[in-house]
Q: 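Mind having a look at this structure? Questions to follow.
In what follows, chains carry the letters A, B, and so on, assigned in the order in which the sequence lines appear, proteins first and then strands, with residues in each chain numbered from 1. Keep in mind that what you see is a predicted model, and the values were worked out from it rather than measured.
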Amino acid sequence: MIKLIDLEKSVRTGLNRAWILNQVNLEIKAGEFVTIMGPSGAGKTTLLNIIGMLESPTGGEYHFLDEPVHRLNERKRHDIHKQYMGFVFQAYHLIDDLTVYENIETPLLYRNVKGKDRKSIVADILDRFSIVAKKDLFPDQLSGGQQQLVGVARAVIHKPRLLLADEPTGNLHSKQGEEIMELFRELNEEGVTIIQVTHSEKNAEYGSRIIEIVDGNIRTDEQVRKSASVYGTK
Amino acid sequence: MIYNILKIAYRNILKRKLFSAINVIGLAVAMGVSLLLLLTVFHQFSFDNFHKNGDRIYQVYNVTNHSSGIAKGATQASPLKEALESEMPELEHVMRWSSGPASIKYEGDIIESSIRFTDANFFEMFSFQLLEGTPNQVLANLNTVVLSEKTAAKVFGEENPIGKTITLNIAGKAYRMEVSGLVEDEPNNSSLHYNMITRFENHPDYQDNKDNFDNQFLGMFVQLPPTLSQQEAEEKLKGVVHKYRNDEIEQLQKDGAQPDVEGEVYSLKLLPLNDLHFDTEITGNGISIALPMGLLIIAFFILVIVCINFINLTIGTALTRAREVGVRKVLGATKRQLISQFFGEVSLLIFVALFLGLILAQFGLADYNQLFRQKISLYNPTLIFAIGSILVFVGLIGGSYPALVLSRFQPASVLKGSTSVQKPGKLRNILVLLQFTLSVFLIICTMIVWNQIDYLRSKPLGYSKEDVISIPIGNELDSYQVLQRMRNELAANPNVKSITGSYGNLGMGKDGSRTTSIMGFSQGDRLLRTHWAVVDYDYFETLNIPLVEGRSFSPEFPTDSSESIIINETFARQLGEDSPIGTVLDLGPDRKVIGVVKDYHFLPLDKAMEPLSLVLAKPIDDFRLGYIFVSVSNRTAMSNLEETWKKLYPETIFQATFLDENNQRQYQVEESIAKLFTTSGLLAIILSCMGLFGVVVLVTSQRTKEIGIRKVLGASVPSIVGLISKEFILLVAIAIVIAAPMGWWLMKQWLQSYAYSIDFPWWSIPLAGIMAILIAVVTLGIQSVRAALTNPIDALRDE
């Protein structure tokens, strides 16, 4: 699904050039649940943003579903982003002026889904995430966990093939964090490819593969051994 | 999607109450005010544009190169019509036009009115709609009259006036006339006015002057054929002048007249009908084009100021929404979708403002119409459309800049929260600067206009105006008898000091009429021109005008009424004699100068002092007395006069006024301009301050964190207030520097249009500056002190 070849990202600081990502080679297949880990400033978020097409690399190649993204124009990239990707943020980034319902509905608006269809799609997801009762509240009336729930619902409302999550549980306490991770696993089992950035070893165990980045380079890339404790008795 | 955009727009507007209020109120007020101003501008520029052949109709005027200077005048002699018709047969129409007072008698009722004398082709030339009668037939007979709807209603009520006979009293003679037509009242954008229209042959002066080129007492209009241009026609008029006015030309040349570039000393020119309304030079009836232009500029300024507010605030608030835009982009919004969302919000604001503005304009319309003595209605689709378009255009600018800036954001960087949104400092500062420049400019103008008006009103005029009452006599009474009876009745009244009569008024009375007669005559080998006043005994005593030489009119000299004349100092100087007393002036019958009076301002102060001759009225004269002047010892005597008048003439309206009121009434246009400047200057500064306030609120909210940190580090409140205000105070200061020379230049021009004006008041510039700075400081102070006083912990908490 995703293939990165010699990917680079550098910024100019005065006369010098600083590499945030350097010579990254990576392949991610459809259906994987990948966790990116590493110390602060290692380039995790940048890598996620480049994959999510929120930032452009300064060098190297990026193929998404066999499309050479690095050669596409802005419009084409936007189309791919819009069609295949969903985003979850650490700080939720819900739109303050919109209700829960409207926040979830927004991606559908931008994809010109018809009003009646929108209603039923949003109703389904509200139901599935058990937030029907909250649908007319504004973000500041919700707890952090509830906000992130809405954030995830919003990220998957248009059935993306790839879900990108940047420290999705970073602002949550552990109980809320677990709920979100459970949700991610369910989505992954339904076939959604997930890439998450996290500092938490525990969250990493929900995934199928852990990539560790240090100083803009991939240091380790290993498959997670499924332990019974994680595949619990739910 | 539209519904969604509007819903979010609505919520955003409510959420940013302060900025929305500033925007909506500002836009609505500016829209309402500029709508009213532009209505007047439209009205002024629409004058006389409703005549089908208007672009081919011209008024004939003459340019005379006197040795003393160039004089232009619109009055012509009656036989010029025949001359033009025979020399220039290609002219489609030649028409004479004059007027006089007339009273209508019908079934015992007497109605004071006025009559127009014109030629039979009047209704063919001008597109005034006849309700009864056909344009080429209605004035075919000499003893017929056409009534305006208003006049017909006054005389006949519901009755059909056509075919009825009325008796008209014109200059003391009775005419029986048949009503042959009914014409709709002239539109309020017509320079030509009428109550009744009859043939020119009925003019009281016609018979004596029908072949006399020297008596010029009428206006003349011509209609050119489509094939003849104004220039060609004026070229042909030269031939007419040389053929018929050769004696005049020779006289002028003998007198030392300077020929113009075409070698002419006397020529006839054409004034296009469409320029008539703005002609202040030739006919003197028009209004200065400066008025509508001034209004246009003010309307433009106000719109600019409010648009700047709009743009500043929209951009400012939009930038605080960068995060929202970032999120929306990640969620898949295209640039177009984002831009349409911003436009949705802007449009909603603008439409609310448009609507409120219309309501405001409707409320203000009555007062506004009164200020300009006009009757215009708000229902002017073109104009509303025009202003609507301006606002939509502003919306496009105000909405597109933030939309473009925001839609360019890289969502990744915005959402990381690391990049602070760049402030649109430079653009905003330029706009604020522009706003304050306009405001200071208007303040300077306001101060100077008021000063000049005050000067015009209070300048000593050379006669006493505070304790002299002027009573219009009206057209119906025998004026000499009225004067005599008033003299007898008031002789015993201790409040009345002196009484006299006059043909013309001083200043402008409640009857709204102002007349000046100018007499031209040759003295030796020179052509002289003088204003002409017909007065009764005690004129100078009543008005307290001192004689510098000679004596006043006196009953002891019975020949005074036919052989004597009194002139003013200016005329005496023009005569150039060592002592003008005893000089005989060749005015048809000779008149001997018996006295010279000190110059007094018988003309409004925009005119320089001119020569004046005064002759004694005599009851057998053609000149009637129009006014009685009564000098009183205190102003309560007005009620005595009214009682006396009502006792003597219960039928005739008493419209007496003090001369100082008359004097002030002359400057109504100036006063309207001054009120307008004051209002708009005030409005401009309020709107600018509203905008400045909004900008400061934005700036402080953007700098909350900085202020918090500074306070933690020990900054004092005044230093923080200074930090926020410094930049803006500097802008206002620069605005003053830019506005001062602009105001100085424009006002200098305006003052020059007055023969008597104040010296440029230099203090007005620093005063305007100090006012602007003070207002800005207060505006800035409120918000910056508030920002400085906030607890730093509150400001830093969200981090």
Q: Go through the structure and list residues passing salt bridge (Lys or Arg N to Asp or Glu O under 4.0 Å) with K159(A), not counting sequence neighbours.
A: none
Q: Return each pair, listed once, that meets salt bridge (Lys or Arg N to Asp or Glu O under 4.0 Å) where at least one residue sits in residues 32-53 of chain A; pairs must be two or more places apart or across chains.
A: E32(A)-R209(A)
Q: Determine the minimum heavy-atom distance between L98(A) and R11(B), stating which atoms define it.
A: CA-NH1, 3.7 Å
Q: Just so I understand: if I count every heavy-atom pair under 4.5 Å between each of D96(A), I95(A), D166(A) and chain B, which residue has the most?
A: I95(A)
Q: Indicate the ring-plane relationship of H70(A) and H63(A), choosing parallel, tilted or perpendicular according to the 30° and 60° boundaries.
A: perpendicular
Q: If I measure from the heavy atoms of chain A, does K329(B) come under 4.5 Å with its side chain, its backbone, both, or neither?
A: backbone
Q: Between E105(A) and chain B, which part of the residue has a heavy atom less than 4.5 Å away: side chain, backbone, both or neither?
A: side chain
Q: L94(A) versus chain B, heavy atoms under 4.5 Å apart: side chain, backbone, both or neither?
A: backbone
Q: Report the option among P107(A), G86(A), G115(A), S56(A) that has the most heavy-atom pairs separated by less than 4.5 Å from atoms of chain B.
A: P107(A)
Q: Measure up the F64(A) and Y62(A) rings against each other and bin them: parallel (under 30°), tilted (30 to 60°), perpendicular (over 60°).
A: perpendicular
Q: Name the region of Q90(A), side chain, backbone, both or neither, that has any atom closer than 4.5 Å to a heavy atom of chain B.
A: neither
